[in-house]
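Quick notes on the structure that follows.
Here, residue 1 is the first one in the sequence, and each next residue gets the next number.
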Amino acid sequence: QVQFAESGGGLVQPGGSLRLSCDISSSVSNDYTLGWYRQAPGKQRELVASITSGNNIKKYGGSVKGRFTISRDNAKKTVYLQMNSLKPEDTAVYYCNFRYSGTDYWGQGTQVTVSS
């Protein structure tokens, strides 16, 4: 069983920053991927960023490259998303993701709203 504890969402003005955190409880010890996805109203869920467990290979969605940074705590299954230069179009529910052996597990989501 996989459990999530997400934090860090909220309301921010355009150009501002937020940092999301996700603590994941799982007995899996390697060969997994941690990530963040987001879903805006009326849109499909999309990849924001992901990072692999072994060699820390990072992948970013095209719209966030250069603005967002994903990182992880190697000692535990914690993943962070540093979001800078936020835009109104970044407004969405952000979901923490744990992928192992072809199966996706999801956090409950945290709302990020970018508005003046």
Side-chain angles (χ1 to χ4, degrees):
Q1 187 171 352
V2 181
Q3 295 181 317
F4 298 82
E6 299 173 336
S7 61
L11 173 65
V12 64
Q13 292 187 341
S17 298
L18 281 176
R19 189 188 194 216
L20 305 183
S21 298
C22 179
D23 293 320
I24 299 169
S25 297
S26 167
S27 60
V28 172
S29 60
N30 52 30
D31 295 330
Y32 58 86
T33 301
L34 305 177
W36 291 95
Y37 287 71
R38 68 185 183 187
Q39 188 166 18
K43 295 187 177 181
Q44 290 188 330
R45 191 172 296 188
E46 63 176 358
L47 171 72
V48 178
S50 65
I51 183 168
T52 59
S53 61
N55 46 17
N56 288 334
I57 293 175
K58 301 177 183 180
K59 183 178 179 180
Y60 292 94
S63 62
V64 308
K65 283 182 180 178
R67 299 188 297 123
F68 292 9
T69 302
I70 191 168
S71 60
R72 57 186 289 265
D73 185 324
N74 290 331
K76 51 185 178 179
K77 297 182 188 70
T78 301
V79 61
Y80 307 96
L81 184 69
Q82 178 66 43
M83 304 185 293
N84 298 328
S85 302
L86 282 160
K87 304 175 181 180
E89 51 263 43
D90 294 317
T91 295
V93 177
Y94 284 69
Y95 295 92
C96 183
N97 173 266
F98 178 84
R99 178 172 294 171
Y100 174 70
S101 191
T103 300
D104 285 310
Y105 302 86
W106 299 97
Q108 77 280 6
T110 184
Q111 176 70 45
V112 171
T113 302
V114 185
S115 175
S116 55

Other than Tyr80, what residues sit in its cluster of Ile, Leu, Val, Met, Phe, Trp and Tyr side chains whose heavy atoms are under 4.5 Å apart, directly or through others?
none
Is there a donor-acceptor contact under 3.5 Å from the side chain of Arg45 to the main chain of Tyr37?
no
Side-chain donor or acceptor of Ser53 paired with backbone N/O of Asp31 under 3.5 Å:
yes
Are Val114 and Leu18 linked, directly or through other ILVMFWY residues, by side chains that come within less than 4.5 angstrom of each other?
yes
Find out if a path of hydrophobic residues (ILVMFWY) with successive side-chain heavy-atom gaps under 4.5 Å connects Leu11 to Leu86.
no
Is there a donor-acceptor pair closer than 3.5 Å between any side-chain N or O of Ser85 and the backbone N or O of Arg67?
no
Tell me whether Tyr60 is reachable from Tyr95 by hopping between hydrophobic residues (I, L, V, M, F, W, Y) whose side-chain heavy atoms are closer than 4.5 Å.
no
Atom CD of residue position Gln44 - does it have more than 12 heavy atoms of other residues, nucleotides or ligands inside 6.0 Å?
no
Taking all non-hydrogen atoms of both residues into account, name the closest pair between Asn97 and Asp104 and its distance.
ND2-OD1, 3.2 Å
Kindly compute the distance separating CG (Leu81) from CG (Leu34), expressed to the nearest 0.5 Å.
12.0 Å
Rounded at 0.5 Å granularity, tell me how far CD1 in Ile51 sits from OG1 in Thr33.
9.5 Å
Is there a path of hydrophobic side-chain contacts, each under 4.5 Å between heavy atoms of I, L, V, M, F, W or Y residues, that connects Phe68 with Leu47?
no
When every non-hydrogen atom of Pro14 is compared with those of Ser116, the smallest separation belongs to CD-N, 3.7 Å
Trp36 vs Cys96, side chain to side chain contact (heavy atoms under 4.5 Å, CB included): CA-CA, chis, key distance, verdict:
CA-CA 5 Å; Trp36 291 95; Cys96 183; 4.0 Å; yes
Could you tell me whether a side-chain N or O of Lys58 sits under 3.5 Å from a main-chain N or O of Ile70, the two making a donor and an acceptor?
yes
List the steps, then state whether side chain to side chain contact (heavy atoms under 4.5 Å, CB included) holds for Phe98 with Val28.
CA-CA 10 Å; Phe98 178 84; Val28 172; 4.0 Å; yes
Write down the atom of Ala92, the atom of Ala40, and the distance for their closest heavy-atom approach.
CB-N, 3.8 Å
Tightest non-hydrogen contact, residues Val112 and Met83, listed as CG2-CE, 3.9 Å
About how many Å separate CD1 of Ile24 and OH of Tyr32, when rounded to the nearest 0.5 Å?
8.0 Å
If hydrophobic clusters are built from ILVMFWY residues whose side chains come within less than 4.5 Å, do Val93 and Val79 share one?
no
Gln39, Gln111, Glu6, Arg38 screened by side chain to side chain donor-acceptor pair (under 3.5 Å) with Tyr94, the one that passes:
Arg38
Using the side chain to side chain contact (heavy atoms under 4.5 Å, CB included) rule, take Ser26 and Lys77 through it: C-alpha gap first, then chi angles, then the decisive distance, then the call.
CA-CA 8 Å; Ser26 167; Lys77 297 182 188 70; 4.2 Å; yes
Could you state the interatomic distance from CG (Asp73) to CG (Asp23), rounded to the nearest 0.5 Å?
8.5 Å
